[in-house]
Number of protein chains: 2
Amino acid sequence: MNGAPQIRIVLDGPTPIYRQVVDQIRTLCVDGGLKAGHSMPSVRQLAANLGVHFNTIAEAYRTLAVEGWLEVKQGRSVFVSERREPRQPTRAAAAQHSSRLRHQVAELRANGFSPEWIRHEIESALGGPE
Amino acid sequence: MNGAPQIRIVLDGPTPIYRQVVDQIRTLCVDGGLKAGHSMPSVRQLAANLGVHFNTIAEAYRTLAVEGWLEVKQGRSVFVSERREPRQPTRAAAAQHSSRLRHQVAELRANGFSPEWIRHEIESALGGPE
DNA sequence: GTCTACTGTATGCTTACTCTATACAGTGAA
DNA sequence: TTCACTGTATAGAGTAAGCATACAGTAGAC
């Protein structure tokens with residue numbers, strides 16, 4: 001393992017822990033914070049750091065492996081995969097994600113966040129690592 | 001009831017039905033598609049339209065009532081509330097929503113959506129109803 | 001007033017999911 | 001081969017979503 005990724009989870013939140021881990025590692029991969037060939041901490045190490053069971057981390061790693069972000073093999077440590085080009089999204093996927101974004105924006109506006117704040121956050125997220 | 005709101009749900013998706021209903025009605029309220037005083041369909045009517053149990057809709061209405069979007073009273077139909085000004089979001093809420101947006105953007109990019117597409121969708125969502 | 005037909009509410013059940021505990025199996029260096 | 005480390009598989013407890021059903025409030029017709 002060369003450098004543990006910075007992952008933070010909320011234990012009692014509405015989002016499942018394994019999904020939080022998946023989201024954060026995927027974000028790191030997309031942003032370049034985790035490059036291909038990087039070796040990940042073992043399921044037990046990361047689980048101990050986060051204070052959860054290692055099966056929860058194993059589930060997250062498996063999900064990321066299915067998505068193509070990690071290479072997982074029994075008995076060996078886990079590595080970040082070579083970046084494969086994402087396929088062109090389908091029209092149905094676009095519609096689904098569009099609707100999800102729209103609802104999230106509505107929720108943000110309902111909670112008092114300004115359009116400027118939302119634009120700034122989006123630009124910041126599109127800009128790359130931190 | 002004066003004009004049923006256009007609501008569509010995905011039955012076998014990862015998002016709970018009652019949450020889909022909450023999200024969509026909240027979006028309609030924010031976008032102006034549902035104005036204060038508008039009477040909503042009864043829990044049984046909307047449930048029949050969507051092909052789900054009326055308790056699922058009742059749960060959604062209750063959630064929206066807690067958030068201040070609907071006025072719910074036993075025995076009477078449900079009305080859209082007067083718009084109250086949202087409170088200034090807390091710093092913690094901002095951090096949480098910021099992180100959520102960042103992960104969602106990363107997931108979109110991982111799925112092949114271009115920054116331009118994302119910006120366009122955000123602008124469209126910020127622009128108002130449809 | 002009192003029916004009646006409509007509202008939303010409350011409770012218990014089934015199912016699926018999340019997380020954990022524990023036993024198992026593969027890998028590679030000493 | 002042995003040993004200490006990997007990830008995997010399966011079963012269980014706890015929780016949440018959705019549904020069935022019985023309940024209680026409201027308001028118009030009579």
Side-chain angles (χ1 to χ4, degrees), chain A residues 1-5 7-25 37-81 103, chain B residues 1-5 7-25 37-81 103:
Chain A
M1 172 177 93
N2 38 7
I7 296 181
R8 288 170 190 283
I9 57 170
V10 180
L11 286 175
D12 53 351
T15 315
I17 295 168
Y18 88 95
R19 181 166 285 281
Q20 293 182 51
V21 174
V22 167
D23 283 345
Q24 293 191 44
I25 293 178
H38 185 107
S39 84
M40 300 292 292
S42 76
V43 293
R44 278 164 242 253
Q45 276 179 315
L46 184 50
N49 283 352
L50 299 179
V52 299
H53 195 272
F54 65 81
N55 267 356
T56 304
I57 305 301
E59 176 64 25
Y61 278 5
R62 240 166 305 177
T63 302
L64 287 161
V66 169
E67 289 187 11
W69 295 107
L70 298 183
E71 277 174 31
V72 179
K73 231 179 206 171
Q74 187 170 350
R76 300 191 45 200
S77 53
V78 173
F79 293 89
V80 178
S81 296
H103 295 144
Chain B
M1 171 177 93
N2 38 8
I7 295 181
R8 288 170 190 282
I9 57 169
V10 180
L11 285 176
D12 53 351
T15 315
I17 296 168
Y18 87 95
R19 179 165 288 280
Q20 294 181 52
V21 175
V22 167
D23 283 344
Q24 294 191 45
I25 293 178
H38 185 108
S39 83
M40 299 293 291
S42 77
V43 292
R44 277 164 243 253
Q45 276 179 315
L46 183 51
N49 283 353
L50 299 178
V52 299
H53 196 271
F54 65 81
N55 267 355
T56 304
I57 305 301
E59 176 64 25
Y61 277 5
R62 240 167 304 177
T63 303
L64 286 160
V66 168
E67 289 186 12
W69 295 107
L70 298 183
E71 278 174 31
V72 179
K73 231 179 206 171
Q74 187 170 352
R76 300 191 45 201
S77 53
V78 173
F79 293 90
V80 177
S81 295
H103 295 145

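Quick caveat, the model's predicted, so the values are computed rather than measured. Numbered from 1 within each chain, the chains take letters A, B, ... in sequence-line order.
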Tell me the interatomic distance from B/His53, atom NE2, to D/dA22, atom P, rounded to whole angstroms.
12 Å
Return yes if some donor-acceptor pair links the side-chain N/O of A/Thr63 with the main-chain N/O of A/Glu59 below 3.5 Å, else return no.
yes
Quick note, salt bridge (Lys or Arg N to Asp or Glu O under 4.0 Å) partners involving residues 71-81 of chain B, not counting sequence neighbours, are none
Of the nucleotides C/dT20, D/dG7, D/dT6, which has the atom closest to the A/Val78 side chain?
D/dG7
Just by modelled atom types, is the B/Ser42 backbone N or O under 3.5 Å from a matching donor or acceptor in the B/Gln45 side chain?
yes
Check each of A/Ile57, A/Leu64, A/Ile25 against A/Met40 using the side-chain contact (heavy atoms from CB on, under 4.5 Å) test, and report the only one that passes.
A/Ile25
Side chain of B/Ser42 only, heavy atoms from C-beta on: which candidate in D/dT21, C/dG8, C/dT22 is closest?
C/dG8
When rounded to the nearest 0.5 Å, the distance separating OG1 of B/Thr15 from CG of B/Asp23 is 7.5 Å
Look for any protein N or O under 3.5 Å of an N or O in nucleotides 11-18 of chain C and output each such pair with its distance, or none.
{"unit_1": "C/dT11", "atom_1": "O4", "unit_2": "B/Asn55", "atom_2": "ND2", "d": "3.4"}

Rounded interatomic separation in angstrom, taking CG from B/Leu11 and P from D/dA17
16 Å
Euclidean distance, atom CZ of residue B/Phe54 to atom C1' of C/dT9 [Å, nearest integer]:
9 Å
Measure the CD1-CG distance between A/Ile9 and A/Leu46 for me, rounded to the nearest 0.5 Å.
8.5 Å
Atom-to-atom span, CG of A/Leu50 to P of C/dT20 - whole angstrom:
11 Å
Closest heavy-atom pair and its distance - A/Phe79, A/Gly37
CD2-O, 3.4 Å
Using atom CG of B/Leu46 as one end and atom P of C/dC6 as the other, report the distance to the nearest whole Å.
18 Å
Shortest non-hydrogen pair, B/Tyr61 vs B/Val78, comes out as CD2-CG2, 3.7 Å
In whole Å, what is the span from the CZ atom of B/Arg44 to the P atom of D/dT21?
13 Å
Nucleic acid contacts - residues 58-76 of chain B versus DNA chain D, non-hydrogen atoms under 4.0 Å:
B/Gln74, B/Gly75, B/Arg76
Is any side-chain nitrogen or oxygen of B/Ser77 closer than 4.0 Å to OP1 or OP2 of C/dG8?
no
I need the minimum non-hydrogen distance between A/Arg8 and A/Gln20, along with the two atoms involved.
O-OE1, 4.4 Å
